[in-house]
Amino acid sequence: MMVCLIMNKKQPIVTVMALIFSLIVSDILYLYISKKHTASQAVRVYNEFIEGRRCYGSESILSYVTPTREPEKRYTTDYFIADSTGDGIPELHLRTSREYIIFTYRDENMEWLHSFFSSPWEYHLLQNGVMVHQVDIGDTEIIGGIYYNFFTLNHTGACVPGMSFGWRDVNNNYSLDVDDEYYYDESDCTPDKWFEQTKEYIYINEEGHQCIRNEVDWIRYCEAK
């Protein structure tokens with residue numbers, strides 16, 4: 001009799017816990033499906049913009065490709081869709097030889113998020129949505145070198161700094177060697193440690209140039225003419 005009473009008392013608790021668990025799973029599933037739907041809608045809107053069937057305000061894709069409004073003159077233009085804010089909703093990255101513009105999707109519309117007007121070719125997009133600002137100081141200082149600054153964007157478009165590293169070509173021989181200076185997250189480090197820490201981010205190609213790993217294959221919209 002006592003056993004039955006204990007079981008009867010536990011049963012409502014088990015039922016409530018099962019209901020709470022079911023509600024949590026339902027909410028998670030709803031949020032997942034909702035985000036997937038929003039991401040799909042964002043891609044659709046971006047493609048409509050790229051195809052010239054949608055405008056951002058009064059600006060069409062040609063407004064960026066031909067900013068002088070002369071159809072016979074175009075900038076080389078590439079684009080790619082990737083999530084650079086980490087919220088699961090991708091952004092549209094549009095890079096011309098004049099500027100780098102990033103659009104996001106919010107409230108069922110395409111919105112401007114961020115732009116880089118100075119040296120847009122210095123900005124690289126990785127497959128995971130992280131961006132890299134690669135600065136070659138060889139043409140601006142007696143001692144050359146390259147610096148890499150990794151960053152993402154928040155929902156307002158502000159840059160969120162990540163890791164950074166670089167090197168200075170002290171002996172000015174255009175080669176990474178033991179006589180140069182190496183930095184990782186603003187701290188000095190030895191060449192061996194630098195190469196070990198950066199090997200998953202950059203590599204040296206057959207021509208001896210530093211290349212960024214996991215960069216996206218940009219989609220060419222048009223060539224300059």
Side-chain angles (χ1 to χ4, degrees), residues 35-36 38-52 54 56 59-65 67 74-106 109-137 145-167 184-185 197-205 207 209-224:
K35 182 155 290 188
K36 282 289 185 181
T38 302
S40 177
Q41 290 295 97
V43 172
R44 178 184 61 81
V45 167
Y46 297 152
N47 283 327
E48 289 178 356
F49 176 76
I50 292 297
E51 294 165 4
R54 174 184 287 267
Y56 161 65
E59 305 292 326
S60 69
I61 180 67
L62 293 180
S63 302
Y64 299 93
V65 176
R74 292 191 175 189
Y75 292 121
T76 296
T77 303
D78 301 319
Y79 71 93
F80 201 86
I81 298 173
D83 178 15
S84 290
T85 59
D87 62 355
I89 310 301
E91 281 71 49
L92 171 62
H93 296 251
L94 186 68
R95 187 173 69 175
T96 74
S97 52
R98 179 175 176 267
E99 61 183 320
Y100 187 137
I101 314 100
I102 304 169
F103 297 98
T104 192
Y105 180 78
R106 191 177 293 127
N109 288 302
M110 190 173 86
E111 296 185 3
W112 174 90
L113 187 64
H114 200 100
S115 294
F116 303 100
F117 295 100
S118 177
S119 305
W121 53 87
E122 293 181 347
Y123 293 89
H124 304 266
L125 176 63
L126 304 186
Q127 294 173 10
N128 61 3
V130 172
M131 301 183 67
V132 185
H133 185 200
Q134 178 183 343
V135 184
D136 187 343
I137 63 173
I146 300 178
Y147 291 86
Y148 301 89
N149 297 297
F150 291 66
F151 64 96
T152 54
L153 301 172
N154 64 19
H155 71 283
T156 67
C159 295
V160 181
M163 61 176 295
S164 63
F165 56 83
W167 69 286
Y184 190 89
D185 278 344
Q197 290 177 313
T198 62
K199 65 182 180 181
E200 63 179 292
Y201 307 108
I202 61 172
Y203 66 96
I204 309 300
N205 64 13
E207 289 75 33
H209 299 141
Q210 294 180 50
C211 301
I212 298 174
R213 293 187 185 277
N214 303 315
E215 186 172 3
V216 302
D217 292 324
W218 289 86
I219 301 171
R220 180 56 51 88
Y221 178 81
C222 69
E223 299 281 357

Are any side-chain N or O atoms of Asp83 and backbone N or O atoms of Gly88, one a donor and one an acceptor, separated by less than 3.5 Å?
yes
Contact check, side chains of Val43 and Pro90, non-hydrogen atoms, under 4.5 Å
yes
Quick check on Asn205: does its CG atom have over 12 non-hydrogen neighbours (other residues, nucleotides or ligands) under 6.0 Å away?
yes
Check the orientation of His114 and Trp112. Use parallel for under 30°, tilted for 30 to 60°, and perpendicular for over 60°.
parallel
Hey, what do you get for SG (Cys159) to CZ (Phe151), rounding to the nearest 0.5 Å?
4.5 Å
Met110 and Thr104, any side-chain heavy atoms less than 4.5 Å apart
no
Measuring from Thr198:OG1 to Tyr148:OH, what's the distance to the nearest 0.5 Å?
8.5 Å
side-chain contact (heavy atoms from CB on, under 4.5 Å) assessment of Gln134 paired with His124:
CA-CA 8 Å; Gln134 178 183 343; His124 304 266; 3.2 Å; yes
Are any of the side-chain heavy atoms of Ile204 and His209 separated by less than 4.5 Å?
no
Counting C-beta onward and ignoring hydrogens, is there a side-chain heavy-atom pair between Ile81 and Asn47 closer than 4.5 Å?
yes
Quick check for you: to the nearest 0.5 Å, what is the distance between Cys222 atom SG and Tyr79 atom OH?
11.0 Å
So Phe165 and Phe150, would you call those rings parallel, tilted or perpendicular, with 30° and 60° as cut-offs?
tilted
Given Ile102 and Leu92, is the side-chain contact (heavy atoms from CB on, under 4.5 Å) satisfied, shown in steps?
CA-CA 6 Å; Ile102 304 169; Leu92 171 62; over 6 Å; no
Please check this pair: side chain of Ser84 against backbone of Gly129, looking for a donor-acceptor N/O pair closer than 3.5 Å.
yes
From Tyr221 OH over to Leu94 CG, what is the distance, rounded to the nearest 0.5 angstrom?
9.0 Å
Going by atom types only, do Asp78 and Thr76 share a side-chain donor-acceptor pair under 3.5 Å?
no
Output field: ring centroids Phe49/Tyr56 closer than 6.0 Å:
no
Ignoring hydrogens and geometry, is there a side-chain-to-backbone donor-acceptor pair from Ser63 to Ile61 under 3.5 Å?
no
Without swapping roles, check the side chain of Arg98 against the backbone of Ser119 for a donor-acceptor pair under 3.5 Å.
no
Reported CD1-to-NE2 distance for the pair Ile89 and His155, which is rounded to 0.5 angstrom
14.0 Å
Tell me, with the steps shown, if Tyr64 and Ile101 meet side-chain contact (heavy atoms from CB on, under 4.5 Å).
CA-CA 9 Å; Tyr64 299 93; Ile101 314 100; 3.7 Å; yes
Which heavy atom of Ser97 sits nearest a heavy atom of Trp121, and at what distance?
O-CZ3, 3.8 Å
Side chains of Tyr105 and Glu91 only: does a donor on one sit below 3.5 Å from an acceptor on the other?
no
Tell me the closest heavy-atom pair linking Gln210 and Ile202, and the distance in Å.
OE1-CD1, 3.7 Å
Should Leu113 and Arg106 count as side-chain neighbours, where that means a heavy-atom distance under 4.5 Å?
yes
Centroid separation under 6.0 Å, is that true for the rings of Trp218 and Tyr100?
yes
Judged by atom type as modelled, is there a donor-acceptor pair below 3.5 Å linking the side chain of Glu122 to the main-chain atoms of Val135?
no
Here's a test for you: under side-chain contact (heavy atoms from CB on, under 4.5 Å), which of His93, His133, Arg95 qualifies with Tyr123?
His133
Tell me whether Thr96 contacts the main-chain N or O of Glu99 through its side chain, where contact means a donor paired with an acceptor under 3.5 Å.
yes
side-chain contact (heavy atoms from CB on, under 4.5 Å) evaluation trace for Arg213 with Gln127:
CA-CA 9 Å; Arg213 293 187 185 277; Gln127 294 173 10; over 6 Å; no
Close side-chain approach of Leu126 to Val216, heavy-atom, < 4.5 Å
no
Atom pair CE/CG of Met131 and Leu153 - distance to nearest 0.5 Å:
6.0 Å
